[in-house]
Amino acid sequence: MADKDDITEGKDFGIGIPQAHTPFHVKGAHALDWGMQNRLGRIFNPESGRTVMLAFDHGYFQGPATGLERIDLSILPLVPYADVLMCTRGVLRSVIPPSSTKPVVLRCSGGQSILKELSNETIAVNIDDAIRLNVAAITTQIYIGAPYEHDSIKNLIKLIDDGNRYSIPTMAVTGVGAEMARDARYFLLATRIAAELGAHYVKSYYIEDGFEKVTSACPVPIVIAGGKKLPELDALTMAYRAINEGAAGVDMGRNIFQSDAPVAMIQAVAAVVHNDEDPKRALELYETIKAEDNK
Ligand code: 5RP
């Protein structure tokens, strides 16, 4: 039976103590709805404010890319070390165990292949299905300056509007066509367009000159793609510089899953992203874990 006395007898009302208010740790997200912040808070670690996303969505236009021939064999061992998984709904449903508690950023565009014009994409997932999959965020790509620039921007606008209805954030990927310059002017333009249209965070490439301007001019977090496979030290150096110059993390694929020792590499990347480990020490960590794992 309910204890009616307790209705009036409570004594710990904290009279005079202002209600606790914890500032939200994700750039540009302070005024978003609770559900939106909660999802972003699962992506960006509240302590470091950063994220290590593991991208393995390449098959949606490339087929079984090197390292992704068998996602069950190559990617599942990396899952415990990633903060977030970025993949397609096909791979999520068929390969990733639903018991996984890792937040998922769902690739929601498609419709082209590597044999044709890359910018010719459409939205390939209905928001209902993203909700069914319990994703933390949804994503599509914009191709600024490419033949289908307008369509790709329309895809982003639609995805943001769909996501906003259910407090699901959208990550905009700044895709770069084969012929396009990868310089500060380009990424300033592309990342800012994405943020102005309402993307909650943006994936860009790291550039040697002017990356700080790109992160500074973008009112929401930027995470970097890894790009083509580099020697481990170069990939760790790129991540280190990006973080130092204002990136809020990485969304890395090939430089992790194509590494000689992917489990060691993802841990080395995480040390750079979350602990500001310098690239040489991160490489030592990589070598140590690799040696341990080979015993
Ligand atoms: C491709 C993507 C990929 O997920 C991303 O580029 C993969 O990362 P990486 O370049 O590190 O392999 O968004 O359109």
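Remember, it's 1-based here, ligands and their atoms both numbered in the order they're listed.
Looking at ligand 1, you'll find an N or O of H58 within less than 3.5 Å of one of its N or O atoms. Checked against a 3.5 angstrom limit, the closest N/O atoms of G226 and ligand 1 fall inside it. Not one N or O of A55 is nearer than 3.5 Å to an N or O of ligand 1, by distance alone.
The protein heavy-atom contact nearest to atom 4 (O) of ligand 1 is D57 OD1, 2.4 Å. Taking atom 6 (O) of ligand 1 as the reference point, the nearest protein heavy-atom neighbour is K203 NZ, 3.7 Å.
Between Y201 and F44, the ring planes lie perpendicular to each other; the angle is over 60°, past the 30° to 60° tilted range.
Within the 4.0 Å heavy-atom criterion, neither part of K228 lies near ligand 1. No part of I256 comes within 4.0 Å of ligand 1, judged by heavy-atom distances.
Ligand 1 places these atoms under 4.0 Å from at least one heavy atom of R254: 9 (P), 10 (O), 11 (O), 12 (O). Against a heavy-atom cut-off of under 4.0 Å, R107 is close to the following atoms of ligand 1: 1 (C), 2 (C), 13 (O), 14 (O). Of all atoms in ligand 1, numbered sequentially from 1 with element shown, those under 4.0 Å from a heavy atom of Q141 are 13 (O), 14 (O). Near M252, with a cut-off below 4.0 Å to any heavy atom, the atoms of ligand 1 are 11 (O).
Within the 4.0 Å heavy-atom cutoff, G227 counts among the residues contacting ligand 1.
A heavy-atom distance below 4.5 Å is not found between the side chains of Y206 and V250. For the pair E117 and Y143, the minimum side-chain heavy-atom distance is 4.5 Å or more.
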Decide yes or no on side-chain hydrogen bond (donor to acceptor under 3.5 Å, both in side chains) for T215 and E245, but give the supporting numbers first. CA-CA 7 Å; T215 57; E245 293 168 30; over 6 Å; no
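What you find for V220 and H200 is that their closest heavy atoms are CB-O, 3.4 Å. H25 and N45 make their closest contact through CD2-O, 3.7 Å (heavy atoms, listed as atom of the first residue, atom of the second, distance). In plain terms, the two heavy atoms of V214 and L188 that are nearest each other are CA-CD2, 3.8 Å.
No more than 12 heavy atoms of other residues, nucleotides or ligands sit less than 6.0 Å from atom NZ of K154.
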